Structures are given as C-alpha cells and as structure tokens.
Participant: 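The structure that follows is given in the form of structure tokens.
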Amino acid sequence: MVDTSNHATHSVVTLVPLPPRVRDIMICVAMESEASPIACALGLGEPRALRSMHPARVREGHVAGARIRLVTAGLDAATHVDRVGPIYAATTLLHALAIATDATRPDLVINMGTAGGFSAQHIGIGDLVVARHTMVHDARVALPGFDALSRAHTRLSLSTDMLASLAARLDATIGDVSTGSSLDASVEELKQFASAGTMAKDMELAALAMVARDEDVALASVKAITDLVDQPELASVSFLRNLQRACDRLGACAGPMIEVIAR
Ligand code: ADE
C-alpha cells in the first residue's frame with residue numbers, strides 16, 4: 001500500500017491495520033532499564049530465556065483481557081551491555097515471531113523505549129511521542145529503488161483516530177520517529193531531521209517495522225524522551241541523566257496504552 005499524504009517524495013509502506021480485537025500483544029523493548037518499570041507496572045512474571053542458550057528474554061502476563069509478552073534482546077555475552085540497535089531489534093522480533101505458534105502469534109507488536117527528541121518540534125525531556133511513521137535516517141544508497149528500500153519509510157498500524165485517542169489518554173505528541181545505529185547525530189542528519197519535521201530519533205523502530213512488513217503483523221510504538229537531538233548537550237550525557245525519568249514515564253503509560261488499544 002502506498003500513502004502519499006504527506007511524504008510525497010518517498011514511497012511509504014503502510015503496515016496492516018490493528019485487528020478489531022487485540023487479545024495478544026508482544027511488547028519489544030531494547031534495554032533492561034526500559035523493560036523493568038513496564039514489567040512492574042503491568043505485573044508481569046520473571047524474565048526467562050526466549051529459547052534455551054539465546055540471550056533474548058521474555059516476561060508474560062495479562063492486562064485488560066490481553067495476553068502480554070514483553071520481549072527484550074538481552075545482554076551481550078562479551079560486553080555485558082543490552083543488545084541495543086536496529087539489528088538486534090529485528091533479529092529478536094523475528095526470532096520471537098518464528099517460535100510463536102498460530103495460537104500464540106501476537107495481534108500487535110508494541111515497541112516501547114527511549115528516544116532523542118527535537119526541541120524544534122516543541123518536545124521536552126520526559127515527554128511521550130506516539131509514532132505515526134518511521135524511517136531509517138542513516139541509509140544512503142543512491143541507486144533507484146534501493147534508496148527507498150534502505151530508508152524503509154513506513155506508516156505504522158494505528159489509525160489516525162486511534163493515534164489521537166492514545167495521545168489524549170497518555171498526554172503524548174503524535175509524530176514521526178527516525179531510526180539509525182548511532183546515539184548522536186551528524187550535521188547532515190540534523191538538516192534532514194529539520195526538513196522532515198522529525199519528532200524523535202531512536203535505534204530500533206524502523207528495523208521492527210521492516211520485520212512487521214514481512215510478517216504481516218501490526219506495529220505501534222511509544223517513545224519517552226531522554227535527550228534533545230537539536231540542542232548542544234551531548235546525547236550520551238543527557239541520556240544517562242534522564243534515563244530513569246523517561247523509563248518511569250514508559251512504565252506509567254504501559255497500562256493505559258494497552259487499555260486504549262485492547263478496548
Ligand atoms: N535513545 C535515547 N536517545 C536517543 C538518541 N538521541 N538517539 C537514538 N536513540 C536514542
């Protein structure tokens with residue numbers, strides 16, 4: 001499907017819409033600091049390995065009549081840090097979907113996590129952004145067709161009405177989230193974000209959208225802001241200072257988000 005509404009220069013793939021009844025939700029989160037307040041707020045069980053000898057972890061529970069699985073990519077054995085970034089996000093989701101049976105296939109994948117925000121878009125630290133579109137900002141392949149492929153510009157699954165309901169309930173802003181492999185941003189990328197009106201920048205969402213395209217599964221996302229990409233402070237400094245605050249916000253919005261979506 002091609003959506004030419006407000007991104008006329010790119011081809012935009014629209015994901016499958018939210019099914020009428022959402023009863024099985026897989027929440028994908030990159031970092032343990034992000035996952036832990038969400039698991040606590042939703043009353044999920046202890047983390048267990050998604051599969052024996054695999055680093056990815058899953059916690060399970062039920063909220064508002066929906067089965068919830070919270071999946072994290074787990075820790076890297078060599079560096080002992082969370083396996084963040086687009087590649088681990090995609091491989092972990094694909095793995096989680098591959099081991100699900102027909103009966104345990106999720107109706108919806110929700111990506112929750114932290115992101116950099118843009119003060120030019122009136123976003124502040126601790127704010128929530130509900131994603132409408134996502135794309136890859138650090139892919140440059142100047143070949144016809146391959147450029148659009150590598151940017152993977154995607155309209156996520158929530159309808160305009162559902163985005164508005166969620167934004168109202170969560171006190172969040174609706175906007176486009178751009179994904180790359182770096183925490184910081186180059187001068188060229190800053191220009192790109194400004195002209196595209198990007199609301200937030202992360203390291204997972206577009207990669208999850210690429211998997212959702214292939215797997216025909218609905219995808220939604222909410223991001224909590226730890227740093228302001230278009231301000232002079234180093235992203236890494238602001239990120240560490242505001243991580244707990246942003247993660248607490250994610251935890252607080254998880255239940256209301258599921259209640260709105262699972263109706
Ligand atoms: N997560 C939190 N802040 C981020 C940033 N500035 N870029 C990418 N991912 C982030």
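Every number for a ligand or one of its atoms is a count from 1 in the order of the listing. Keep in mind the model is a prediction, meaning the values are calculated, not measured.
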Participant: Near Thr226, which atoms of ligand 1 are under 4.0 Å from a heavy atom of that residue?
Facilitator: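 It comes down to these atoms of ligand 1: 2 (C), 3 (N).
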
Participant: Of all the atoms in ligand 1, which lie at a distance below 4.0 Å from a heavy atom belonging to Asp202?
Facilitator: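 That gives atoms 8 (C), 9 (N) of ligand 1.
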
Participant: Side chains of Glu32 and Thr72: do they bring a donor and an acceptor to under 3.5 Å?
Facilitator: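 There is no such pair (donor and acceptor under 3.5 Å, judged by atom type) between the side chains of Glu32 and Thr72.
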
Participant: For atom 4 (C) of ligand 1, grab the closest protein heavy atom and report residue, atom and distance to one decimal in Å.
Facilitator: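 Of the protein heavy atoms, Gly116 N, 3.3 Å lies nearest.
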
Participant: I need the atoms of ligand 1 closer than 4.0 Å to a non-hydrogen atom of Ala115, numbered in the order shown.
Facilitator: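 Near Ala115, meaning under 4.0 Å from one of its heavy atoms, ligand 1 has 1 (N), 2 (C), 3 (N), 4 (C), 10 (C).
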
Participant: For atom 6 (N) of ligand 1, what is the closest protein heavy atom, and at what distance to 0.1 Å?
Facilitator: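 Checking every protein heavy atom, the shortest distance to atom 6 (N) of ligand 1 gives Asp227 OD2, 2.7 Å.
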
Participant: Among all protein heavy atoms in this structure, tell me which lies nearest to atom 5 (C) of ligand 1, with the distance rounded to 0.1 Å.
Facilitator: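 Protein heavy atom with the smallest distance to atom 5 (C) of ligand 1: Leu183 O, 3.5 Å.
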
Participant: Provide the number and element of each atom of ligand 1 under 4.0 Å from a heavy atom of Met203.
Facilitator: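 Selected atoms, number and element: 8 (C), 9 (N).
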
Participant: Among Ile25, Val109, Val58, which residue meets the side chain to side chain contact (heavy atoms under 4.5 Å, CB included) test with Arg69?
Facilitator: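 For Arg69, the side chain to side chain contact (heavy atoms under 4.5 Å, CB included) test succeeds with only one of Ile25, Val109, Val58, which is Val58.
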
Participant: Looking only at side-chain N and O atoms, does Asn111 offer a donor or acceptor that is under 3.5 Å from a partner on Ser221?
Facilitator: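 Per modelled atom types, Ser221 and Asn111 side chains form a pair under 3.5 Å.
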
Participant: Which label fits His153 and His133: parallel for a plane angle under 30°, tilted from 30 to 60°, or perpendicular past 60°?
Facilitator: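 Rings of His153 and His133: perpendicular, as their planes differ by over 60°.
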
Participant: Before you tell me yes or no, could you show the steps for Arg132 and Asp176 under salt bridge (charged side-chain N to carboxylate O under 4.0 Å, His left out), namely the whole-Å CA-CA distance, both residues' side-chain angles and the distance that decides it to 0.1 Å?
Facilitator: CA-CA 5 Å; Arg132 179 179 46 213; Asp176 297 347; 3.3 Å; yes

Participant: Give a yes or no on whether Arg21 atom CZ has more than 12 heavy-atom contacts from other residues, nucleotides or ligands under 6.0 Å away.
Facilitator: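 No.
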
Participant: To the nearest 0.1 Å, how far is atom 7 (N) of ligand 1 from its closest protein heavy atom, and which atom is that?
Facilitator: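 Ranked first by proximity to atom 7 (N) of ligand 1 is Lys201 NZ, 2.7 Å.
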
